[in-house]
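Data block below; observations after.
Atom set for the values below is all heavy atoms of this structure, side chains included, hydrogens, waters and symmetry mates excluded. Because the structure is predicted, anything quoted here is derived from the model rather than measured.
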Amino acid sequence: MSNNNALFTGIPGIFVPVRDLNRSAAWYSTVLGLQEFQRGDITVEFKVSDGGPVLVLFQAEQDVPVRFPSNRHIDGNFFIFKTPDAEAAHRRLIDHGVSVTDILLYEGVQKYFFFEDPDGNRLSVED
């Protein structure tokens, strides 16, 4: 659906605070399989998908992990990784020693689960 009155045309980046930029960049690359494409003094950028927003890790001095206020609809995560196979993603994370929740079903159809990065930032995967 197109909206000619739209003020914005997309989201170029999602920023995630981390305590140790090099450690976290290695984890996002190795465990999540993301492709690093740009590195600065306090940031590392990853491509998640063609044409989508980039994931930017930034060196934070405080307030890590960031906590999303829980409510009855959102269970404390800021963004969701989309995957064609939630079960395969779940197994891969477990194989890398990542603590994950059980795979859940949304409305009996869509599979999803939660996990945390090394800094405790809560992430989610859905298919």
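Between the side chain of T30 and the main chain of A26, a donor-acceptor pair closer than 3.5 Å is present. At distances below 3.5 Å, not a single donor-acceptor pair connects side-chain atoms of E45 with backbone N or O atoms of L57.
Of all heavy-atom pairs between N121 and V16, the closest is ND2-CG1, 3.4 Å. The heavy-atom pair separating P53 from I11 by the smallest distance is CB-O, 2.9 Å.
D41 CG to T43 OG1: the interatomic distance, rounded to the nearest 0.5 Å, is 8.0 Å. Distance NZ/K47 to OG/S49: 10.5 Å, rounded to 0.5 Å.
In the displayed structure, Y106 atom OH is contacted under 6.0 Å by at most 12 heavy atoms of other residues, nucleotides or ligands.
Under the rule for a salt bridge (charged side-chain N to carboxylate O under 4.0 Å, His left out), D117 has no partner lying at least two apart in sequence or in another chain. For F46, there are no ring-ring contact (aromatic ring centres under 6.0 Å, His included) partners two or more places apart in sequence or in a different chain. Applying the ring-ring contact (aromatic ring centres under 6.0 Å, His included) criterion to Y112, with sequence neighbours excluded, gives F114.
At a threshold of 4.5 Å between non-hydrogen side-chain atoms, the residues V56 and I14 do not count as touching. No side-chain heavy atom of V54 sits less than 4.5 Å from a side-chain heavy atom of F15. Residues V31 and L93 meet the side-chain proximity criterion, which asks for heavy atoms closer than 4.5 Å. With a 4.5 Å cut-off on side-chain heavy atoms, R92 and V98 do not count as touching. For the pair R23/P118, a side-chain contact is recorded, criterion being any heavy-atom separation below 4.5 Å from C-beta on.
In this pair, F113 and H90 present their aromatic rings perpendicular. The plane angle is above 60°, beyond the 30 to 60° band.
A continuous path of ILVMFWY side-chain contacts below 4.5 Å connects L55 to L21, so both sit in one hydrophobic cluster.
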Original post:
Between I42 and E61, is a side chain to side chain contact (heavy atoms under 4.5 Å, CB included) present by the stated rule, with each step listed?
Top reply: CA-CA 11 Å; I42 60 168; E61 296 181 14; over 6 Å; no
